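Here is the structure we will look at, set down as structure tokens.
All values reported here derive from a predicted model rather than from experimental measurement.
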Amino acid sequence: MKIKVGLGSCGIAAGGRKVLKSLQDGAKKYNLDVEIEETGCIGMCFFEPIVDIVTDEGTYSYGFVDENIAKEIIENHIKEGKVLEDNLIYTSENPPNYTKKQHKIALENCGVINPEKIEEYIEKDGYKGITKVLEDMSQEDVIQEIKDSGLRGRGGAGFPTWFKWNAALQSKGNQKYMVCNADEGDPGAFMDRSVLEGDPHRIIEGMLIGGYAIGASEGIIYCRAEYPLAIERLEKAMAQAKKNNYLGENILGTDFTFNLRIKKGAGAFVCGEETALIESLEGKRGMPRLKPPFPAQSGYWREPTNINNVETLANVPWIISKGAEAFSSVGSEKSKGTKVFALSGKIKNGGLVEIPMGMTLREVIFDIGGGIKKDKKFKAVQMGGPSGGCIPAELLDTPVTYENINATGAIMGSGGMVVMDETTCMVDIAKFFLDFTCKESCGKCTYCRVGTKRMLEILERISKGKGKIEDLDELEQLGNSIKDGSLCGLGQTAPNPVLTGLRYFRDEYEAHIVDKKCPAKKCEALLTYTIDPEKCTGCTLCARNCPTDAISGKVKEIHKIDQDLCIKCGNCFDVCNFDAVNVE
Amino acid sequence: MCDNCSGVEFKKNFRDEKVNLELITPVIEKYGKSKGNLINVLQEMQDIYGYLPLSGMDYLAEKTDNKKATIYGVATFYTQFRLNPIGKYLVLQCQGTACHVNGSKEVSKAICKELDIKPGDTTEDGLFTVEDVACLGCCSLAPVMMINGEAYGNLTPGKAVKVIKDLRKKALEGDTNEN
Ligand SMILES: Cc1cc2nc3c(=O)[nH]c(=O)nc-3n(C[C@H](O)[C@H](O)[C@H](O)COP(=O)(O)O)c2cc1C
Ligand code: FES
């Protein structure tokens, strides 16, 4: 029998470490012969902390475990064999919808193996891909296999992976470099982090295969400094791989040599863009370079360089060991394989999901994600983060493929999927993203630097009820000019959130401008909170929950909000049990 | 940077404290003069002092081939680098998309009002520094904040303020106990 505790960043944030400690203490106290292990994120972040009991008969998963429940698990389940029905979320015999509709390739080991043990990775066919490559595949064979699989980059643009590899193989240089882009900058996305934390050896193997294919003997993983756990696990994995002769000189007795190192980023969204990333690798400010020449011709220290996203690389060992055919049989005509998404926002089951390409948004959000929190009305789903857009309810049946998502004006992106309900204001969301890109613009191109600022100012004006109807045309014009006038993907896509907003939610913009109203009741300047004296019972609940003490009134007396102190946080509205708080 | 502009206005953003420069000598030696390591050196410098002191950066310029302007340029480009010391508690409030949709702005406002500072600043008593970050990677628990490495999820403005108040109480009690 084995106990596994999910200790990805999400599990730890939810209190997983305390649970682990409690389980260990319990097992020691009763002298139980049971292995207690850490594992990565299984994807069901909304149930964290999660504890799995793996027995010969099957797996029992407990959710929302705290220290006390952990104690009970030890005392009842482990010691006496009595299952705690109340805390059980599912068993392997009866998996939930959340997992049934998924198809795991990149995430197949996440939350299953102990990421800190190379043996467990090897047991799951790990390093079989690179062994096969070194035994009987030429560089061209590898590239052909990847071409046949139809794998496209998962970092955002969806460029065919084989094409980039081939370009790097064909170009001449003294030293070639294989780089992994683990800068995951989309705010609200954590797919790459989970893979790095949950299955680091897979990324190493992907890097090895790619390095072999393009002829690189040096690899670099550029990882966000905000992901300390991912870096720690990668470092451990690299040391183990080196010990087992999967990294370093003469790998597996061949003349293939590959050295890998990690470079920590320092917090700049634009460094996810490949040429800015290269500048940053060289220790400089992360300002994008003009393309062409592409990194495949002239990248890190002006040598041929290939850059791939984490998830792209996670698919590579699987494709090599299981064959291109197995991969290309999943997905749609032009978008092969699976895609990992971080489901979040106003969704019931937020977490990590891996779906076969071609599944509709509706299936992802409602069948897997369980629908909207508090059963409110679905309004839109944001894909592609600051470079993407909001897809409205009418288009819920859009299949998730590169082509279909692009046609909506959003992009597939790296995998952020933020769900919004009727209380999300589309002007506010556009403003949020523009504020982000405006701050993150590196400042090199005038259109991106100044243009995004001007767009943000217009949006701010609109959200304060001071917009003019001409503003909408101006936003469109400016947006299109920024797209044309920017060097890199940041500026070229920054207007997307506004442009898709205008395309699908123009009436909401107009409501702000013409009626001076925010239909979602979000834009503060257009709202006032008051207490209805008819309905107020003087229960004091609102006053006690007001973070700024703006509400006055004694027990059983009618309460009043001081408008000067009110920060419009909406707390009183949320807590009132008598609908006595009005917002207009 | 020329001498005319190396002073006044620009440097107001930096903090110049007398720090023990010997502490970074080994770091500078470790990376030597090999190219491309400026970010690593600055990261380690920040680990040592908690921020990037102006004298430390000037010292680095003196000891390596990097121009002062290059160093300041990198230090101001990346959000990870701090130009001022931080408080005892570093409050990272997530402003990522998932947290935004779930009300992080209201949480942030309540925290800033309670501490009477803006994001990026430190309270006068040196207890709290508040910073905005984009996604702490716990989106399913949104809205989230992280204080000295510990994450607090599913926040409301009220809950967040309570956490701050409790920490302040703990710190103040700790102080009197020590006396
Ligand atoms: C502003 C900007 C940010 C980006 N951020 C990321 C990122 O965080 N992670 C990533 O893998 N790719 C990111 N990309 C895409 C990369 O430039 C590049 O296309 C990708 O890493 C290539 O890998 P792939 O072919 O495996 O997808 C970003 C692009 C732009 C323009
Ligand atoms: S958006 Fe806040 S944790 Fe991801």
Set of residues satisfying side chain to side chain contact (heavy atoms under 4.5 Å, CB included) with respect to Glu124(B), sequence neighbours excluded
none

Proximity breakdown for Lys263(A) and chain B, heavy-atom pairs closer than 4.5 Å
side chain

For residues 415-439 of chain A, which residue pairs qualify under ring pair (Phe, Tyr, Trp, His ring centres under 6.0 Å), counting only residues two or more places apart or in two chains?
Phe269(A)-Phe436(A), Phe432(A)-His100(B)

Part of Asp574(A) lying under 4.5 Å from any heavy atom of chain B
neither

Which residues pass the side chain to side chain contact (heavy atoms under 4.5 Å, CB included) test with Tyr78(B), not counting sequence neighbours?
Ala266(A), Ala268(A), Cys271(A), Ser280(A), Ile39(B), Val74(B), Phe81(B)

Need one label for Leu343(A): side chain, backbone, both or neither, based on atoms under 4.5 Å from any heavy atom in chain B.
neither

Examine whether an atom of Val419(A) lies under 4.5 Å from a heavy atom of chain B, and if so say whether it belongs to the side chain, the backbone or both; otherwise answer neither.
backbone

Using heavy atoms and a sub-4.5 Å threshold, report which of residues 40-49 of chain B line up against chain A, by residue number.
Asn40(B), Gln43(B)

Which answer fits Lys264(A), side chain, backbone, both or neither, if we ask what part of it has an atom under 4.5 Å from a heavy atom of chain B?
both

Is it the side chain or the backbone of Lys162(B) that comes within 4.5 Å of chain A heavy atoms, both, or neither?
neither

Contacting region of Gln382(A) [heavy-atom separation from chain B under 4.5 Å]:
neither

Give, as side chain, backbone, both or neither, the part of Lys113(B) having an atom under 4.5 angstrom from any heavy atom of chain A.
side chain

Residue part contacting chain B, namely of Ala189(A), when any heavy atom lies under 4.5 Å
backbone

Does a donor on one side chain and an acceptor on the other come within less than 3.5 Å for Ser9(A) and Glu197(A)?
yes

Honestly, the part of Glu282(A) sitting under 4.5 Å from a heavy atom of chain B is backbone

Any side-chain heavy-atom pair of Leu127(B) and Leu115(B) under 4.5 Å
no

Chain B shares the most heavy-atom pairs under 4.5 Å, among Arg544(A), Glu440(A), Met287(A), Arg285(A), with Arg285(A)

